[in-house]
There are 2 protein chains.
Amino acid sequence: MGRGKIEIKRIDNLTNRQVTYSKRRAGIVKKAKELTVLCDTQVSLIMISSSGKIHEYISPSCTHKNLYDKYQQVSGNNIWKPHYERMQDNLQKLKEINNKLHKEIRQRNGEDLDELNFQQLCGLEQNMEKSVDCVRNRKFHVISSQTDIYKKKVKNHQVTYNSLLRGFEERDANCQYASPDFEGDYQSTIEFATENPHIFAFGLQPQL
Amino acid sequence: MGRGKIEIKRIDNLTNRQVTYSKRRAGIVKKAKELTVLCDTQVSLIMISSSGKIHEYISPSCTHKNLYDKYQQVSGNNIWKPHYERMQDNLQKLKEINNKLHKEIRQRNGEDLDELNFQQLCGLEQNMEKSVDCVRNRKFHVISSQTDIYKKKVKNHQVTYNSLLRGFEERDANCQYASPDFEGDYQSTIEFATENPHIFAFGLQPQL
DNA sequence: CACACTATATATAAAAA
DNA sequence: TTTTTTATATATAGTGT
């Protein structure tokens with residue numbers, strides 16, 4: 001290989017080693033290229049010098065990942081495969097669960113009932129009636145607590161208003177203001193709520 | 001490189017190409033080994049021939065994965081990341097959708113109503129009442145078609161029974177059998193169904 | 001450090017076994 | 001086929017610029 005046979009052992013001199021590395025690196029890359037073209041071979045070559053510098057060659061129109069994957073497939077010990085498969089499994093399971101959930105929702109929405117038998121339909125009906133009751137109860141609870149809050153607010157305002165009135169009366173006895181009846185009740189609050197739908201936004205969850 | 005300069009282009013003759021591949025493969029592996037020892041370099045070399053056979057060289061005390069990981073770190077373009085991230089994203093999205101579906105089901109089951117306002121509760125209630133109607137209708141449809149089927153079956157059996165009777169009567173005029181009234185109706189069929197719950201299995205989908 | 005030179009060692013194409 | 005042989009092309013260590 002040059003002026004005298006060299007034995008293949010680590011070159012101690014750093015400079016020489018680096019020089020040799022440059023030359024041989026070029027050489028091996030050239031060989032890789034030739035192999036690629038001459039023999040229609042896909043070659044992936046990665047070299048990392050002791051100083052950490054990285055050089056590579058990869059045949060045109062393929063990637064390192066590509067070749068590495070193939071290598072793993074053949075060598076059998078694919079490191080990523082278990083990972084991938086586990087994720088794929090999870091994905092699949094989640095999709096199935098999603099489908100089931102969708103179906104359940106559709107059934108609870110009165111669709112897709114064809115495959116339920118009489119017994120199941122009875123159960124579903126009962127269940128839904130019970131659930132409607134829950135919703136109704138909750139609705140009344142919400143509206144009554146809303147009403148209480150409004151009542152309190154109105155009362156507060158009335159108190160303030162009255163004290164203001166008294167203040168005015170003390171300063172100026174000319175005028176008399178009538179205090180309107182602000183007594184809130186369930187019905188009026190419901191009307192308030194239903195006449196102002198813009199303050200609520202009702203929407204069931206989208207189903208992808 | 002031999003008896004006459006060769007130009008670097010694909011060797012058309014299959015045999016020659018294979019021979020050349022063997023030789024050059026040995027050559028490049030030898031070079032890789034030398035580079036490893038002489039220059040203290042980590043080398044990963046993977047070759048895949050056009051026929052699909054795989055050959056490799058990897059410096060001692062390191063793995064291909066090792067070098068590929070380092071290569072990725074330095075070159076910055078993680079070759080597995082896109083794959084991985086896409087799967088992770090999908091998983092995440094599916095989980096979110098699942099959660100939403102679960103929530104919707106819980107709400108349609110009368111649970112978790114705290115975060116719904118009055119307007120939403122009204123909508124939900126209305127929706128559920130409409131759905132219960134659908135289920136009820138379906139239930140009646142199922143039971144009435146079931147009833148029809150049973151009626152027909154009973155009629156068939158009766159016909160068979162009667163013709164058998166007639167056969168017996170013709171052979172043996174001694175005995176007289178009364179034919180019971182098998183006329184089925186809606187109520188009796190419902191009772192049949194509800195008194196034999198074991199022939200149905202009602203169960204909403206499990207939630208993971 | 002990067003290139004050029006050059007004597008040798010290696011690699012290898014083609015042919016032969 | 002694969003291996004061996006052999007003639008030649010390449011690669012490259014050591015050196016110089």
Side-chain angles (χ1 to χ4, degrees), chain A residues 1-62 64 67-68 70-71 74-76, chain B residues 1-62 64 67 70-71 73-76:
Chain A
M1 280 186 182
R3 294 163 181 271
K5 176 169 179 171
I6 73 151
E7 61 176 326
I8 303 298
K9 59 176 284 189
R10 191 187 129 105
I11 299 167
D12 289 324
N13 179 283
L14 174 64
T15 307
N16 281 348
R17 194 165 67 231
Q18 285 176 335
V19 171
T20 295
Y21 180 54
S22 285
K23 287 181 175 179
R24 278 175 172 269
R25 182 157 42 77
I28 203 172
V29 166
K30 190 181 172 204
K31 292 281 182 198
K33 281 180 184 169
E34 290 176 352
L35 198 64
T36 297
V37 175
L38 282 170
C39 306
D40 208 11
T41 305
Q42 295 179 312
V43 181
S44 157
L45 173 65
I46 295 178
M47 293 162 288
I48 306 184
S49 70
S50 50
S51 67
K53 256 173 283 195
I54 293 184
H55 295 87
E56 45 139 357
Y57 169 76
I58 179 68
S59 298
S61 72
C62 58
H64 287 298
L67 291 210
Y68 185 59
K70 281 188 191 168
Y71 160 70
V74 170
S75 74
Chain B
M1 279 188 182
R3 294 164 182 271
K5 177 170 181 172
I6 73 150
E7 63 176 323
I8 302 299
K9 58 177 284 188
R10 192 187 128 104
I11 297 169
D12 288 322
N13 181 282
L14 175 63
T15 308
N16 281 348
R17 192 164 69 232
Q18 285 176 335
V19 171
T20 296
Y21 180 56
S22 289
K23 289 181 174 177
R24 279 176 173 268
R25 182 157 42 77
I28 202 173
V29 167
K30 189 179 173 206
K31 293 280 182 200
K33 281 179 184 170
E34 290 175 354
L35 198 64
T36 297
V37 176
L38 283 170
C39 306
D40 207 11
T41 305
Q42 295 178 312
V43 181
S44 155
L45 173 66
I46 296 177
M47 294 163 287
I48 305 184
S49 71
S50 50
S51 66
K53 256 172 283 196
I54 294 183
H55 296 88
E56 45 135 0
Y57 169 75
I58 179 68
S59 299
S61 71
C62 58
H64 288 295
L67 292 209
K70 279 190 191 166
Y71 163 69
Q73 252 177 345
V74 171
S75 71

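For the numbers below, each heavy atom of this structure counts, side chains included, while hydrogens, waters and symmetry mates do not.
Every residue two or more places apart in sequence or in another chain was checked for a side-chain hydrogen bond (donor to acceptor under 3.5 Å, both in side chains) with T20(B), and none qualifies. Y57(A) is linked by a side-chain hydrogen bond (donor to acceptor under 3.5 Å, both in side chains) to T36(A), counting only residues two or more places apart in sequence or in another chain. For the ring pair (Phe, Tyr, Trp, His ring centres under 6.0 Å) test, residues two or more places apart in sequence or in another chain that qualify with Y71(B) are H64(A).
Shown here for I54(A) and K70(B), the closest heavy-atom pair between the two residues is CD1-O, 3.5 Å.
Between K30(A) and dT10(D) there is no side-chain polar atom (N or O) within less than 4.0 angstrom of OP1 or OP2. Contact between the side-chain N/O atoms of K31(B) and the OP1/OP2 oxygens of dT12(D) is found at a separation under 4.0 Å.
Taking atom NZ on K33(B) and atom C1' on dA11(D), their separation rounds to 19 Å, with Å as the unit. Regarding I28(B), its CD1 atom lies at a distance of 18 Å from the P atom of dT10(C), rounded to whole Å. Regarding R10(A), its CZ atom lies at a distance of 16 Å from the P atom of dA13(D), rounded to whole Å. Per the geometry, CD1 belonging to I8(A) stands 10 Å off P belonging to dT12(D), to the nearest Å. When the C1' atom of dT15(D) is taken as reference, atom CG of N13(A) falls 14 Å away, rounded to whole Å. Following rounding to the nearest Å, K9(B) (NZ) and dA13(C) (P) show an atom-to-atom distance of 15 Å. Separating the CD atom of E7(A) from the P atom of dT10(C) is a distance of 12 Å, rounded to the nearest angstrom. What separates CZ of R17(A) from P of dC1(C) is a distance of 13 Å, to the nearest Å.
Nearest nucleotide to the side chain of E34(A), out of dT1(D), dA11(D), dA13(C): dA11(D). Side-chain atoms of Q18(B) lie closest to dT1(D) of the nucleotides dT12(D), dA11(C), dT1(D).
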Could you go through nucleotides 14-17 of chain C and list every protein N or O atom that sits under 3.5 Å from one of its N or O atoms, giving the distance for each pair?
unit_1	atom_1	unit_2	atom_2	d
dA14(C)	N6	K23(B)	NZ	2.8

Evaluate E34(A) against I28(B) for side chain to side chain contact (heavy atoms under 4.5 Å, CB included), listing each step before the verdict.
CA-CA 10 Å; E34(A) 290 176 352; I28(B) 202 173; over 6 Å; no

Between I58(B) and L67(B), does the side chain to side chain contact (heavy atoms under 4.5 Å, CB included) criterion hold? Intermediate values first, please.
CA-CA 9 Å; I58(B) 179 68; L67(B) 292 209; 4.2 Å; yes

Show your working on side chain to side chain contact (heavy atoms under 4.5 Å, CB included) between Y21(B) and H55(B) and close with a plain yes or no.
CA-CA 11 Å; Y21(B) 180 56; H55(B) 296 88; 3.7 Å; yes

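Under a 3.5 Å cut-off, the side chain of S49(A) and the backbone N or O of T41(B) do not form any donor-acceptor pair.
DNA chain D forms stems at C:2-17 with D:2-17, each a run of 3 or more consecutive Watson-Crick or G-U wobble pairs whose two key distances fall under 3.5 Å.
Applying the side-chain hydrogen bond (donor to acceptor under 3.5 Å, both in side chains) test to every pair with at least one member in residues 8-18 of chain A, sequence neighbours left out, gives these pairs: R10(A)-D40(B).
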